[in-house]
Amino acid sequence: MRAAKRIVVKLGTGVLTSDKGELDRSRISGVCSQIATLRKLGTEVFVVSSGAVGLGMASLGLSKRPKEISKKQACASIGQSKLMQVWQEEFKHFGITVGQVLLTHDDLRVRSRYLGVQETLHQLISYQTIPIINENDTVSAAEIKFGDNDTLSAMVASLVEADHLIILSTAPGLIDMKGTGKIIPIIEKITAEIEAMAGGTTNERAVGGMTSKISAAKLATRAGCGVFIASGEEKNVLPRLLSGQGPGSFFVPSGIPLDAKKRWLAYFQRPTGTLTVHANAVGPLSDQGRSLLAVGITNSSGVFAEGDVVNIADHKGHVFARGTTHYSSNDMRLVMGKKENELKALFPKKKRLEVVHRNELALL
Ligand code: GLU
């Protein structure tokens, strides 16, 4: 395993808190000590920390995760400041300063904001601090939510181009439900069978579970990042994992990573529209890296503007790509199925006549 220059460590609520929902100071202190050691060895570390909602619940004496969004948001507001206080205090013992970064999905979906976040994270690292990242639960409502910190941590790993993403959870790794009943140590490829082994969570304070960890692993491995899922209860877990002797499961990074802009197109979007293409158009798009032309489109659904990212589906409805469209959903009605000379007559001022240029099209 190559030496890690940059890693993202994600800690779930179950790892950070006791059964009563209080923060487990000794575990957090242990993690800080491990991170301090890694830093001395020259590894840049980004932390994605859950726990805000759970801590807020404990402060308010709530034993069940509230269903109403405003109540969850209030819990997060109360818990987040407690969470940061503890990270700050524990890292201080090692002479390390931390920086709080709270994100909504929109902060990474909108290209200009995504680039801004990237710069800030790198700046925090060059100031020798540890960024402590969480979803901005207090303001994020359904449509701008990541939903779980596994997804957020994978997006951060992709954004900073980390060598490894380490997801520490109460689960010891991915269990082989179909075969041995033991942890699968190495996963070369995330197949449908692997995905079927995952389930959700039963922890009242947490969200996610193995399902979201596997989809996070899918995203991060495509960014060329190796992903560990291991128990946060294990002693000295971070150096052990990084030296290849740790417990848990390791997802092998994909051989040829998707480039940064295409990752953003493929995985950071929630498109509001879908273009369906003719069976004959699938090959040129997926195997030959061609642009999507109007003549190959058979259907357009949803509402979108010029410049939005849309899904591209095959004739069976399977979404196999995403890309930036040069036409709005209104224009698409005119555009679908047309040849280039017809489009020229319809849109004489348009510089780009293809619907999605190949540089702005990412295969999933
Ligand atoms: N952002 C949530 C929190 O801090 C946690 C989400 C998750 O654990 O995936 O409570």
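Both ligands and their constituent atoms are indexed starting at 1 by order of listing. A quick note: this is a predicted structure, and the numbers were derived from the prediction, not measured.
In terms of heavy atoms, Ser140 sits closest to Gln73 at O-NE2, 3.5 Å. Considering every non-hydrogen atom in both Val53 and Lys72, the closest pair reads CG2-O, 4.2 Å.
Using a 4.0 Å cut-off to heavy atoms of Asp148, the atoms of ligand 1 that qualify are 9 (O). Taking every heavy atom of Ser50 and a limit of under 4.0 angstrom, the matching atoms of ligand 1 come to 4 (O), 5 (C), 7 (C), 8 (O).
Atom NZ of Lys350 has more than 12 heavy atoms from other residues, nucleotides or ligands within 6.0 Å.
Under 4.0 Å from ligand 1, the heavy atoms of Asp137 that appear belong solely to its side chain. Using a 4.0 Å cut-off between heavy atoms, Asn134 contacts ligand 1 through its side chain alone, with no backbone atom that close.
Both Ile167 and Ile183 belong to a single network of hydrophobic side chains, linked directly or stepwise wherever heavy atoms of I, L, V, M, F, W or Y lie under 4.5 Å apart.
Residue Asn149 places at least one N or O, backbone or side chain, under 3.5 Å from an N or O of ligand 1. Between Gly54 and ligand 1, not a single N/O pair is under 3.5 Å apart. Residue-to-ligand polar distances keep Glu135 apart from ligand 1: every N/O pair is separated by 3.5 Å or more.
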Audit row: Asp163, Lys5, salt bridge (Lys or Arg N to Asp or Glu O under 4.0 Å) steps and yes/no: CA-CA 7 Å; Asp163 301 300; Lys5 181 175 177 308; over 6 Å; no
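The closest approach between Gly12 and ligand 1 stays at or above 4.0 Å for every heavy atom of the residue.
In this structure, the separation between CG on Leu258 and CH2 on Trp264 is 13.5 Å, given to the nearest 0.5 Å.
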